[in-house]
Amino acid sequence: MEYNFRDIEKKWQQRWVEEKTYQVAEDKSKPKFYVLNMFPYPSGAGLHVGHPLGYIASDIYARFKRLQGYNVLNPMGYDAYGLPAEQYAIQTGQHPEKTTFQNIDRYREQLDKIGFCFDWNREVRTCSPEYYKWTQWAFQKMFGSFFCNKCQSAQPIEKLIEHFEEKGTEDLDVAQTENLTFTADEWKSWDEKKKSDVLMNYRIAFMGETMVNWCAGLGTVLANDEVVDGVSVRGGFPVEQKKMRQWCLRVSAYAQRLLDGLETIQWSESIKETQKNWIGRSEGAEVEFKIADSDESFTIFTTRADTMFGVTFMVLAPESELVEKVTTAEQKAAVDEYIKYVKGRTERERMIDHKVTGVFSGSYAINPFTGEKNPIWISEYVLAGYGTGAIMAVPAHDSRDYAFAKHFNLPIIPLIEGADVSEESYDAKEGIVTNSPRKDVKPYIDFSLNGCTVKEAIAKTKKYVKEAGLGRVKVNYRLRDAIFSRQRYWGEPFPVYYKNGIPTMIPEECLPIELPEVDKFLPTETGEPPLGNATVWAWDEVNKKIVENSKIDNKTVFPIELYTMPGFAGSSAYYLRYMDPHNNEALVSKDADEYWQNVDLYVGGSEHATGHLIYSRFWNKFLFDLGVSCKEEPFQKLINQGMIQGRSNFVYRIKDTNTFVSFDKKDGYDVTPIHVDVNIVSADVLDVEAFKAWRPEYNTAEFILNDEGKYICGWAVEKMSKSMFNVVNPDMIVEKFGADTLRLYEMFLGPVEQSKPWDTNGIDGCHRFLKKLWKFMTAEKETLSPTLPRNGEGDHAGSASLGNKPDGLPITGEMSEGQRGSSPQELKALHTLIKKETADIEAFSYNTTIAAFMVCLNELTKLKSTSREVKETLTILLAPFCPHLAEELWHLLGHTTTVCDAPWPAFNEDYLKEDSVKMMVAFNGKARFPLEFPADVSKEDAEKAALANPQSAKWMEGFTVAKVIVVPGKMINIVLKK
RNA sequence: GCGCUUGUGGCGGAAUUGGUAGACGCGCCAGACUUAGGAUCUGGUAUCUCCGAUGUGCAGGUUCGAGUCCUGUCAGGCGCACCA
């Protein structure tokens with residue numbers, strides 16, 4: 001009987017659907033396990049072999065956990081809102097929903113062929129109103145909240161209003177955009193509009209006038225993580241900084257919790273590090289500097305408080321509001337010219353070349369430690385968005401200040417003993433402080449740092465600054481608030497309308513506000529977002545209701561927010577929705593949330609490190625504060641699957657001809673390498689006829705073949721893309737080898753976390769293995785045909801017995817008479833695999849598991865094993881990797897239930913006991929040789945036996961035994977000394 | 001510049017707490033069967049001057065023993081980057 005994977009896979013995929021094998025429900029009698037993949041954006045290109053890598057890895061883990069008796073949630077859905085569908089719509093006029101749904105169908109079809117255990121009953125799509133109702137809802141909750149710094153959590157905004165009414169901003173310690181000061185009386189005197197504006201300073205979702213990344217090419221603003229090297233990630237259009245009114249999320253309020261949370265989750269060190277960098281916590285001090293001959297002062301931020309005595313000038317960011325104040329009449333022209341120059345430079349230019357530029361403002365600041373007047377400069381190397389937008393420059397110990405000082409001939413005062421600053425600055429935070437204060441000048445204040453280490457000096461200065469009222473200790477974060485609105489069509493509409501110019505939330509019971517139909521997807525001519533084109537709005541109905549309820553002129557039409565939400569809105573809490581996807585009353589019910597808790601294993605690419613993985617942690621923390629999510633961190637363990645790169649093939653055309661020369665013959669010709677479709681190349685050998693048929697211009701192509709008469713192609717590793725003809729489609733692999741082979745091979749390729757090029761060349765090995773396995777399992781018909789159940793019990797593998805038998809299959813000594821038991825050798829091979837596979841799957845080391853499986857099968861084939869228990873156990877061990885084949889074998893073994901609910905085999909150490917142990921005798925670190933010993937040998941016996949053996953005794957002559965090391969099951973070491 | 005990470009045959013990659021480096025697969029070589037095939041099976045395959053010696057990017061160190069631990073160094077990949 002042949003291994004007919006096509007029939008087997010088709011049959012079982014159907015059965016799984018019919019029998020709802022992968023539908024799960026909360027079951028308090030079983031422990032839960034939540035496995036999740038980052039849901040895909042359904043692009044028009046369909047899946048390539050790289051996509052399923054993570055899905056297969058997590059599918060194996062999910063199946064493994066289910067076999068171990070867990071109630072496993074493994075859902076899938078689509079991140080359906082996004083720019084590509086919209087860009088396509090603009091070009092073709094096709095509604096993005098139409099193309100998105102087509103793409104989703106295609107994805108589903110491709111996914112179904114690979115045999116995943118997803119519970120499709122729980123599918124979510126971010127673009128469906130039932131789903132985005134809760135995205136809108138969460139936004140409203142954020143609007144209605146502020147962040148209390150003291151209790152480090154979100155609180156209802158009403159509490160803040162109470163505070164204002166009682167004491168204004170006194171004793172206020174909350175996350176805010178600007179540091180406002182007002183009294184309770186002032187607050188009470190303000191009208192509704194003013195109050196609304198002030199509250200925006202504190203809301204977690206707020207409307208703010210901020211510098212944004214404006215992308216004219218896409219007609220929208222972008223978040224920081226959507227911009228790389230000054231151009232948009234999507235499309236590569238230039239991005240400029242612009243001040244605009246936008247909705248924002250106060251992600252920065254959660255900076256410390258986002259940082260602390262990293263310690264509690266099992267993510268890779270590199271992703272944690274990336275997030276730490278992105279959050280960018282830096283401890284320092286804010287110090288106030290008075291402007292000479294003025295009542296004004298300003299504050300700078302520094303992490304090097306120890307260098308106060310080395311300040312020789314001050315620098316302001318060109319965008320700083322202080323610039324106007326400090327510019328003197330004589331310098332005005334020069335400053336204006338400089339500001340104009342800076343404004344003319346794009347973000348990209350500023351990033352690429354770090355030119356030393358700047359202008360003197362004409363004013364001086366008084367250094368509170370030395371009393372000296374330090375000139376105030378203006379330069380683009382100081383960023384307006386970080387710290388206070390002003391710095392004290394210490395050229396001796398900061399390379400940027402150093403470059404500036406050298407360029408403009410400003411003094412440099414070294415502060416660390418032995419530091420040579422004649423050529424470059426000494427930036428290291430090490431050494432003994434000197435010149436603080438200098439010995440040649442009269443001390444201005446009674447404070448010295450001389451003789452301290454840098455660390456001590458920083459602490460000492462901070463303490464002094466605080467006590468003397470010169471400033472305060474301050475922690476700064478690089479993390480900025482997320483800009484949450486987009487001027488696009490294909491996204492969630494905001495549940496917001498404008499009442500007399502005041503942004504107002506649409507009542508919760510009216511949610512969701514559905515995305516309206518529009519004729520044109522481009523922004524309107526007036527620059528309004530595409531939603532301005534809407535002719536029929538769900539909003540109209542809602543507006544009517546609001547107007548009726550509020551006793552105002554019922555002809556009033558309030559304008560609705562025309563912006564839409566960004567891509568990360570819908571993907572920030574989808575994992576919660578999977579727990580309870582059909583709930584119309586809540587994002588997730590309390591019961592479901594408490595049962596499933598959070599994601600135990602999250603699998604996805606590392607490219608989301610500073611986007612989705614930050615936003616969803618933020619979002620979840622907010623929902624945690626609200627009491628909606630019972631866990632503070634959404635993803636307990638994260639595995640980043642590597643990228644599958646393409647392996648391109650090349651043919652070599654001899655210049656100005658239509659003749660192609662084989663790779664191994666091409667030296668000596670002047671050739672042009674041309675990408676060739678990898679699908680007409682096999683093991684780097686070109687299918688010449690297929691090549692001729694590939695494109696009309698190659699119809700008449702001629703070939704210079706190698707000595708074996710083959711055309712060998714060259715190859716290179718590149719990104720998998722249509723234009724390089726190196727896209728390998730999983731459907732083709734499934735068609736040729738079967739889903740089980742594809743699954744096995746993708747895992748056998750190497751560690752899941754590692755990026756690697758796709759290379760179809762090795763797939764035969766995996767397919768061969770499955771064929772061998774099939775042959776082995778079906779070799780002796782009588783052992784495979786349905787036999788009497790063992791022990792006279794019913795089908796032992798039924799799910800009912802699962803809870804009662806946590807130890808798994810009864811393996812030995814329970815054979816009914818006439819049936820052959822398993823030999824010790826068979827059991828040893830089997831249990832070696834059980835041990836290895838159980839440990840390896842837990843560690844995501846799938847390639848080694850497969851290797852062990854191959855070894856085990858070889859062993860059992862050699863032993864001509866026909867034991868039923870061997871076959872049953874092997875089938876269960878196969879089930880996570882090759883579910884179709886495992887089901888078929890399980891069925892052939894006479895079971896009527898699915899192999900998914902079989903109990904994972906228990907490992908028994910006894911079968912692995914070695915008869916003997918190898919001994920290494922080492923002396924003087926050089927000579928050694930192996931010698932066999934009984935496994936349970938004692939140290940004394942080992943020594944005796946070594947002396948009894950003529951060969952080892954010879955080695956040991958003239959030496960004394962220093963120590964005997966017994967490594968059970970491994971080796972014995974007798975260390976000799978003279 | 002800072003941080004993280006990886007360096008092992010012709011190739012992808014194995015190697016528990018330090019314990020016979022190169023599992024497993026691909027490729028290659030030889031053989032068997034053969035309806036002569038890109039099928040199946042068996043054996044071999046790190047390198048060299050093939051007795052024996054050398055081998056995990058390079059140079060040292062600790063140890064009876066190092067791919068593994070320590071120090072330095074080189075190279076690739078990723079992230080952040082005028083963040084004070």
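Chain identifiers are assigned alphabetically (A, B, ...) following the order of the sequence lines, protein sequences preceding nucleic acid strands; residue numbering begins at 1 within each chain.
By the 4.5 Å heavy-atom criterion applied to side chains, A/Leu316 and A/Ser361 are not counted as neighbours. Under the 4.5 Å side-chain criterion, counting only non-hydrogen atoms from C-beta, A/Thr302 is not in contact with A/Ile391. The side-chain heavy atoms of A/Lys272 and A/Glu263, taken from C-beta on, include no pair separated by under 4.5 Å. A/Val251 has its side chain within reach of A/Leu258: a pair of non-hydrogen atoms, C-beta onward, lies under 4.5 Å apart.
Straight-line distance from the CZ atom of A/Arg304 to the P atom of B/rC82: 20 Å, rounded to whole Å. Rounded to whole Å, the distance from CG on A/Asn640 to C1' on B/rC4 is 13 Å. Straight-line distance from the CG atom of A/Leu383 to the P atom of B/rA81: 11 Å, rounded to whole Å. Separating the NZ atom of A/Lys276 from the P atom of B/rA81 is a distance of 18 Å, rounded to the nearest angstrom. Atom OH of A/Tyr381 and atom C1' of B/rA81 are 16 Å apart (whole Å). Nucleotide B/rG79 holds its P atom 12 Å from the CG atom of A/Asn277, rounded to whole Å. Residue A/Arg480 contributes atom CZ, which lies 9 Å from atom P of B/rA81 at whole-angstrom precision. Between A/Gln645 atom CD and B/rC78 atom C1' there is a gap of 12 Å when expressed in whole angstrom units.
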Between A/Glu735 and A/Arg6, does a salt bridge (charged side-chain N to carboxylate O under 4.0 Å, His left out) hold up when you go through it step by step?
-> CA-CA 8 Å; A/Glu735 180 51 36; A/Arg6 285 192 190 89; 3.2 Å; yes
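B/rG9 sits 14 Å from B/rG22 when the P atoms are compared, rounded to a whole Å. Using atom C1' as the reference point in both B/rU35 and B/rC28, the two lie 27 Å apart (nearest Å). If you take atom C1' in B/rC82 and the same atom in B/rU68, they sit 41 Å apart, rounded to whole Å. Look at the P atom in both B/rA39 and B/rA66: the space between them is 44 Å, to the nearest Å. Between the C1' atoms of B/rG7 and B/rG13, the separation comes to 13 Å (whole Å). Rounded to a whole angstrom, the distance from the P atom of B/rG12 to that of B/rG61 is 32 Å. Here, B/rG57 and B/rA36 have their P atoms 49 Å apart, quoted to the whole Å. The same atom, C1', is picked in B/rC33 and in B/rC41; the two are 8 Å apart, to the nearest Å.
More than 12 heavy-atom neighbours from other residues, nucleotides or ligands sit within 6.0 angstrom of CD on A/Gln266. For A/Lys276, the NZ atom is densely surrounded, since the number of other residues' heavy atoms within 6.0 Å is greater than 12.
For B/rA14, the OP1/OP2 oxygens have no side-chain nitrogen or oxygen of A/Ser845 closer than 4.0 Å.
Position along RNA chain B of the nearest nucleotide to A/Ala852 versus A/Thr303 favours A/Ala852 as the more 5'-ward residue. Nearest-nucleotide mapping onto RNA chain B: of A/Asn858 and A/Lys862, the residue sitting toward the 5' end is A/Asn858.
Ring pair A/Phe404/A/Phe313: centre-to-centre distance below 6.0 Å. If you look at A/Tyr711 and A/Phe691, their ring centroids are not closer than 6.0 Å.
Judged by distance alone, the side chain of A/His397 and the main-chain N or O of A/Asp427 form no donor-acceptor pair under 3.5 Å. Between the side chain of A/Ser268 and the backbone N or O of A/Ile271 there is at least one donor-acceptor pair closer than 3.5 Å.
Paired regions of RNA chain B, where each region holds three or more successive Watson-Crick or G-U pairs whose two hydrogen-bonding distances fall under 3.5 Å, are B:1-7 with B:74-80, B:10-12 with B:24-26, B:27-32 with B:40-45, B:46-48 with B:52-54, B:57-61 with B:69-73.
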Polar atom pairs (N or O), protein with nucleotides 5-13 of chain B, under 3.5 Å:
| unit_1 | atom_1 | unit_2 | atom_2 | d |
| --- | --- | --- | --- | --- |
| B/rG12 | O2' | A/Leu749 | O | 2.7 |
| B/rG13 | OP1 | A/Gln754 | NE2 | 2.6 |
| B/rG13 | O3' | A/Asn847 | ND2 | 3.3 |

Show each protein N/O and nucleotides 32-40 of chain B N/O combination with a separation under 3.5 Å, one pair to a line.
none

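For B/rG27, the O4'-C1' to base torsion is more than 90° from 0; the nucleotide is therefore anti. Syn is the classification of B/rC50, since its glycosidic angle stays within 90° of 0.
In this structure, A/Arg617 satisfies the cation-pi test against A/Trp267, with its NZ or CZ atom closer than 6.0 Å to the six-membered ring centre and inside 45 degrees of the ring normal.
Side-chain proximity of A/Arg478 to B/rA81, B/rG79, B/rA23: nearest is B/rA81. The side chain of A/Asp398 approaches B/rA84 more closely than any other nucleotide in the set B/rA84, B/rA15, B/rG79. Checking B/rG79, B/rA84, B/rC24 against the side-chain heavy atoms of A/Val382 singles out B/rA84 as nearest.
Partner of A/Thr741 under the side-chain hydrogen bond (donor to acceptor under 3.5 Å, both in side chains) criterion, chosen from A/Lys771, A/Glu746, A/His767: A/His767.
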